[in-house]
Amino acid sequence: MTKSEIRKTHLAAQKSFTTDERNEKSEQIASNFFQKFDLSKINCLHCFIAIEKFGEIDTALIYKRIWRDFPHIRTLVPRVNFETGELENVRFTANSLLKENIWQIREPIDGEVIAAKNIDLVLVPLSGFDEKGFRAGYGKGFYDKFLINCRADCLKIGLNYFAPIEEIADIQNFDVKLDFCVTPEKVWEFAHTAIGAAID
């Protein structure tokens with residue numbers, strides 16, 4: 001399958017989930033994430049905010065628990081800089097105010113912007129992934145540009161409703177592999193990283 005085929009198939013499927021189905025799958029993903037990864041040595045974590053119109057995984061189940069149980073972690077979320085065409089990593093707390101951009105994606109109105117090199121773990125949005133750890137995003141390319149600028153030892157963890165396909169047919173040289181992908185059923189592992197302490 002190509003990236004566009006994965007996007008079409010998986011987005012249609014996740015949009016069709018009932019509220020209860022989405023909530024249940026999101027809770028399973030969050031549970032698997034916290035069971036698998038030791039966050040005690042993570043200092044800076046980037047997490048996407050769910051796009052409601054796409055029926056995306058409810059990441060509030062993750063970042064709100066991090067605020068509660070891991071207060072030492074600086075939590076960041078993406079904000080699109082339309083002048084540069086790149087993502088900014090903005091500090092995100094329970095007091096942050098959000099507004100929708102032109103694509104109906106909620107973003108912080110203000111907050112400290114943190115450089116990608118300071119991030120220890122990225123929770124990556126994706127429409128699907130393959131057995132090698134390559135991902136299909138949503139076609140804008142923002143995360144491809146962002147992940148290239150992260151440190152080599154930064155954990156790149158996808159969150160997805162679906163099991164991997166065998167192979168994405170149209171992988172490009174600039175595509176960055178995931179280290180792991182968390183689904184409702186299990187955590188898929190693709191590579192060992194320098195932050196071994198972050199893995200239970």
Side-chain angles (χ1 to χ4, degrees), residues 3-4 6-7 10-11 14 26 29 33 37 39 42-64 66-67 73-129 133-160 168 170-182 190 193 195 198:
K3 294 177 184 178
S4 62
I6 293 170
R7 276 193 290 272
H10 285 184
L11 283 176
Q14 68 190 48
S26 295
I29 288 168
F33 171 74
F37 300 100
L39 302 182
I42 298 296
N43 295 309
C44 195
L45 180 148
H46 172 111
C47 180
F48 65 95
I49 297 176
I51 303 173
E52 299 294 334
K53 67 177 181 179
F54 289 162
E56 276 193 326
I57 294 154
D58 183 7
T59 53
L61 296 170
I62 294 177
Y63 59 72
K64 287 184 178 179
I66 289 173
W67 293 342
I73 295 178
R74 289 186 296 171
T75 306
L76 316 176
V77 294
R79 182 173 66 197
V80 176
N81 184 322
F82 288 99
E83 292 184 4
T84 64
E86 297 182 350
L87 293 182
E88 296 175 335
N89 307 291
V90 183
R91 184 75 186 273
F92 184 49
T93 72
N95 297 318
S96 296
L97 298 177
L98 303 174
K99 68 174 182 179
E100 289 187 350
N101 67 15
I102 59 174
W103 295 319
Q104 296 176 289
I105 300 172
R106 290 177 297 155
E107 302 175 325
I109 294 174
D110 52 25
E112 181 185 7
V113 176
I114 306 294
K117 65 181 181 180
N118 295 315
I119 299 173
D120 302 310
L121 188 157
V122 178
L123 293 176
V124 186
L126 57 150
S127 55
F129 66 108
F134 289 109
R135 59 181 280 276
Y138 291 106
K140 301 294 184 183
F142 289 110
Y143 269 86
D144 294 314
K145 297 176 185 176
F146 162 51
L147 293 174
I148 287 173
N149 291 322
C150 292
R151 299 193 318 267
D153 66 345
C154 174
L155 281 174
K156 297 169 287 294
I157 303 173
L159 305 179
N160 200 236
I168 297 174
D170 54 344
I171 293 301
Q172 305 294 321
N173 291 334
F174 56 77
D175 286 320
V176 177
K177 286 178 63 174
L178 301 169
D179 296 307
F180 300 88
C181 193
V182 184
F190 309 108
T193 69
I195 308 184

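These numbers were taken from a predicted model, which means no experiment stands behind them.
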For the pair R91 and L76, evaluate side-chain contact (heavy atoms from CB on, under 4.5 Å) and give the outcome as yes or no after the intermediate values. CA-CA 4 Å; R91 184 75 186 273; L76 316 176; 4.1 Å; yes
Quiz prompt | Whether Y63 and W67 hold their rings parallel, tilted or perpendicular, with breakpoints at 30° and 60° | solution = tilted
Are any side-chain N or O atoms of N89 and backbone N or O atoms of I114, one a donor and one an acceptor, separated by less than 3.5 Å? yes
* Side chains of I51 and W103: does their closest heavy-atom pair fall under 4.5 Å? -> no
Test item: Y143 and H46 side chains (from C-beta on) under 4.5 Å apart, heavy atoms | yes
Between L126 and V124, the two heavy atoms sitting closest are CD2-O, 3.0 Å
Between the OG atom in S4 and the CG atom in D170, the distance rounded to the nearest 0.5 Å is 6.5 Å
(message) Using side-chain contact (heavy atoms from CB on, under 4.5 Å), reason through T75 and T93 one step at a time and then give a plain yes or no.
(response) CA-CA 7 Å; T75 306; T93 72; over 6 Å; no
Is it true that N101 and E107 share a donor-acceptor pair across their side chains at a distance under 3.5 Å?
yes
Exercise for the section: For the pair D175 (side chain) and D144 (backbone), establish whether a donor and an acceptor sit closer than 3.5 Å, ignoring hydrogens and angles. Expected result: no
Taken to the nearest 0.5 Å, the spacing of I29 CD1 from N160 CG works out to 7.0 Å
Exercise for the section: Please examine the side chains of P125 and L159, heavy atoms only from C-beta on, and report whether any two atoms are closer than 4.5 Å. Expected result: no
Between F54 and Y138, what is the ring plane arrangement, given parallel below 30°, perpendicular above 60°, and tilted in between?
parallel
Output for pair (I73 CD1, I42 CD1), nearest 0.5 Å, gives 6.5 Å
For V77 and C47 the tightest heavy-atom approach is CG1-O, 3.1 Å
| said: Using side-chain contact (heavy atoms from CB on, under 4.5 Å), reason through N149 and K117 one step at a time and then give a plain yes or no. | reply: CA-CA 7 Å; N149 291 322; K117 65 181 181 180; over 6 Å; no
Practice problem: Please answer whether the main-chain N or O of A136 pairs with a side-chain N or O of S127 as donor and acceptor at a distance below 3.5 Å. | Solution: yes
Residues D58, K64: salt bridge by 4.0 Å N-O rule = no
Exercise. Judged by atom type as modelled, is there a donor-acceptor pair below 3.5 Å linking the side chain of R135 to the main-chain atoms of C181?
Worked result: no
Notebook entry, point to check: Has the side chain of R106 got a donor or acceptor atom that lies under 3.5 Å from a matching backbone atom of E100?
Noted result: no
Would V80 and I102 count as a side-chain contact (heavy atoms from CB on, under 4.5 Å) here? Give the steps.
CA-CA 10 Å; V80 176; I102 59 174; over 6 Å; no
Rounding to 0.5 Å, atoms CD1 (I168) and CZ (F134) come to a distance of 8.5 Å
So, T59 side chain and F48 main chain: donor-acceptor pair closer than 3.5 Å or not? yes
From the list V122, L121, L45, L178, side-chain contact (heavy atoms from CB on, under 4.5 Å) with I157 holds only for L121
d(F146 CZ, L87 CG) to nearest 0.5 Å is 7.0 Å
So does D120 pair up with R74, basic N to acidic O under 4.0 Å?
no
TODO: Please test E86 against K145 for salt bridge (charged side-chain N to carboxylate O under 4.0 Å, His left out), starting from the C-alpha separation and ending with a verdict.
DONE: CA-CA 7 Å; E86 297 182 350; K145 297 176 185 176; 5.9 Å; no
| query | Distance-only, no hydrogens or angles: does the E88 side chain make a donor-acceptor pair with backbone N or O of N81 under 3.5 Å? | reply | no
Under the salt bridge (charged side-chain N to carboxylate O under 4.0 Å, His left out) criterion, do D110 and R79 qualify, and how do the steps go? CA-CA 10 Å; D110 52 25; R79 182 173 66 197; over 6 Å; no
- [ ] Please find out if less than 6.0 Å separates the ring center of F33 from that of F37.
- [x] yes
Run D179 and K156 through salt bridge (charged side-chain N to carboxylate O under 4.0 Å, His left out) and show every step you take. CA-CA 5 Å; D179 296 307; K156 297 169 287 294; 3.6 Å; yes
Value for CG (L155) from SG (C150), rounded to nearest 0.5 Å, stands at 11.0 Å
- prompt: Any side-chain heavy atom of L39 within less than 4.5 Å of one from I66?
  reply: yes
